[in-house]
Amino acid sequence: MPQASARHILVDSEAKCEELKNEIENGRDFAEVAKQHSTCPSGRSGGDLGTFSQGQMVPEFDQVVFNGDLNTVHGPIKTQFGYHLLEITQRS
């Protein structure tokens with residue numbers, strides 16, 4: 001079964017998500033942005049979600065994690081939890 005490692009930032013609005021994505025693309029560290037802004041408990045660890053198998057996360061995540069480019073900031077991705085920025089760090 002495919003596995004991946006990723007980190008994410010969760011916020012409550014698409015506009016905030018776009019703003020943070022722009023900051024990261026302009027050189028801000030993803031982990032620092034996650035620590036400062038993410039409303040998910042994973043924010044404390046820089047947004048790290050660890051390693052997980054396909055099907056363990058919500059479908060919107062799986063679609064990006066198992067198809068998107070590695071080491072690229074993807075998003076905003078809307079789920080029932082809010083808006084996410086997602087970076088796939090490894091996939092097998």
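Just so it is clear, the values below take in all heavy atoms, side chains as well, and ignore hydrogens, waters and symmetry mates.
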Quick one: list whatever passes side-chain hydrogen bond (donor to acceptor under 3.5 Å, both in side chains) with [X], sequence neighbours left out.
X	value
Glu32	none
Asn22	Asn26
Glu18	none
Thr51	Ser5

Inter- and intrachain pairs under ring pair (Phe, Tyr, Trp, His ring centres under 6.0 Å), touching residues 73-92, at least two apart: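 Listed once each, the pairs are His8-His84, Phe61-His84.
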
Sequence neighbours excluded - ring pair (Phe, Tyr, Trp, His ring centres under 6.0 Å) pairs with any residue from residues 14-57: none

Connected hydrophobic set around Met1, excluding itself, where side chains approach under 4.5 Å: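 None; Met1 is a cluster of one.
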
Who are the side-chain contact (heavy atoms from CB on, under 4.5 Å) partners of [X], not counting sequence neighbours?
X	value
Thr39	Leu10
Asp62	Gln54, Met57, Phe66
Arg44	Pro41

Where Ala6 and Asp48 come nearest, the two heavy atoms and their spacing: O-OD1, 3.5 Å

Where Pro76 and Cys17 come nearest, the two heavy atoms and their spacing: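 Smallest heavy-atom distance, with atoms named: CB-SG, 3.6 Å.
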
Evaluation steps, side chain to side chain contact (heavy atoms under 4.5 Å, CB included), between Ile88 and Asn71: CA-CA 6 Å; Ile88 309 143; Asn71 303 309; over 6 Å; no

Euclidean distance, Thr72 OG1 relative to Ile24 CD1, rounded to 0.5 Å: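 Those atoms lie 12.0 Å apart.
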
SG on Cys40 to CG on Leu49, rounded to 0.5 Å: 6.5 Å

Side chain to side chain contact (heavy atoms under 4.5 Å, CB included) between Val11 and Leu20, worked out: CA-CA 10 Å; Val11 294; Leu20 296 176; 3.8 Å; yes

Salt bridge (Lys or Arg N to Asp or Glu O under 4.0 Å): pairs with one or both residues in residues 67-92, sequence neighbours excluded: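 Qualifying pairs, neighbours excluded: Arg7-Glu87.
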
Main-chain N/O of Ser45 paired with Lys35 side-chain donor or acceptor, under 3.5 Å: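 Not a single qualifying donor-acceptor pair exists.
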
Residues in salt bridge (charged side-chain N to carboxylate O under 4.0 Å, His left out) contact with Glu23, at least two apart in sequence or another chain: Arg28

ILVMFWY cluster, Val64 and Leu85 together (side-chain gap under 4.5 Å): no

